[in-house]
Every structure is written in structure tokens, then in C-alpha cells.
Amino acid sequence: MARRAFTEPATFCERVFAVVRTIPSGSTLSYSEVARLAGNPRGARAVGAVLRTNYDPEIPCHRVIRKDGSPGGYNRGVTLKKRRLACEATEK
DNA sequence: GCGATGACTCAAG
DNA sequence: CCTTGAGCCATCG
């Protein structure tokens, strides 16, 4: 295999993005869960750091919340995050 | 390559 | 209930 169809995750961010991108609507994952799926059960912080520095409109990062159930943070405003979560979680 | 920072988590006071 | 401490990891300057 000379090269994979998908570019290899040069950084942990790419891996996190791949996981977060698979989150279905109405579902929420905790940072530790995403970190675990990304291959780093202890990378909860790394996940937050990645999402914060590499936010992407294609990534439903608003579905990634803390274990406590708190929204954690959102580059676009935590209020918007809660809004989207409520909308998707309620409708679906 | 190192130091600083942070959208984390757990435990204890 | 809220604050603090310690642990772990990745990105950025």
C-alpha cells in the first residue's frame, strides 16, 4: 500500500476529528470517550486542546461535552452549543 | 526542543 | 456547594 485513501492523521487532531465526525445527531460524547476512541484514554485534555485550536464547521464538536454533563466550552459561544444540543436532543 | 496553556477527570476538604 | 491539587496529553510560540 503506497498510500491510504484517507490522509494519515499526522496529528492527534485528525484522529479526534475522525471520531467526532462520526457522532450521530442527538448523541453526545464526553471528552474522555472521544479520547478513548481516538486511541488515547487519557487524552481528554488533548481533545479539548485540539478542538479549541482546530475547530472545523464540519465537526459537530458541540456534541462533545464533559463527563459532568457541562457543555465545557465552544469557540462560537457556549450558549450556541447548548442551543444546538437541546434542539437535536429534543427533536430526535 | 522547551515551557506555558487549556473546551479534562478524579478525589478530598 | 465550591475550591484545590494532582495526573495526563497535545498544540502553540
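The chains referred to below are lettered A, B, ... by the order of the sequence lines, with proteins before strands, and numbering in each begins at 1.
A:C13 approaches A:T11 most closely through the heavy-atom pair SG-OG1, 2.8 Å. Residues A:A35 and A:G43 share a closest heavy-atom pair of CB-C, 3.5 Å. In terms of heavy atoms, A:A46 sits closest to A:F12 at CB-CE2, 3.9 Å. Nearest heavy atoms, A:Y55 versus A:C61: CE1-SG, 3.1 Å.
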Is there a side chain to side chain contact (heavy atoms under 4.5 Å, CB included) between A:L85 and A:R63 once you walk through the steps? CA-CA 7 Å; A:L85 253 21; A:R63 287 178 195 152; 4.2 Å; yes
Please report the C-alpha distance between A:V64 and A:V16 in whole Å, then the side-chain angles of each, then the deciding distance to 0.1 Å, and finally whether the side chain to side chain contact (heavy atoms under 4.5 Å, CB included) criterion is met. CA-CA 11 Å; A:V64 186; A:V16 173; over 6 Å; no
Nucleic acid footprint by protein, nucleotides 8-13 of chain B - heavy-atom cut-off 4.0 Å, B for base, S for sugar-phosphate alone: BB----
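Remark: A:Y74 OH to A:R83 CZ distance equals 13.0 Å, nearest 0.5 Å.
One interatomic measurement links the two molecules: OH of A:Y74 to C1' of B:dG6, which rounds to 18 Å at whole-angstrom precision. Rounded to a whole Å, the CZ atom of A:R36 is 14 Å from the C1' atom of C:dC8.
No donor-acceptor distance shorter than 3.5 angstrom exists from the side chain of A:K67 to the backbone of A:S32, with no hydrogens or angles considered.
At a non-hydrogen distance threshold of 4.0 Å, A:V50, A:T53 from residues 50-59 of chain A come into contact with DNA chain C.
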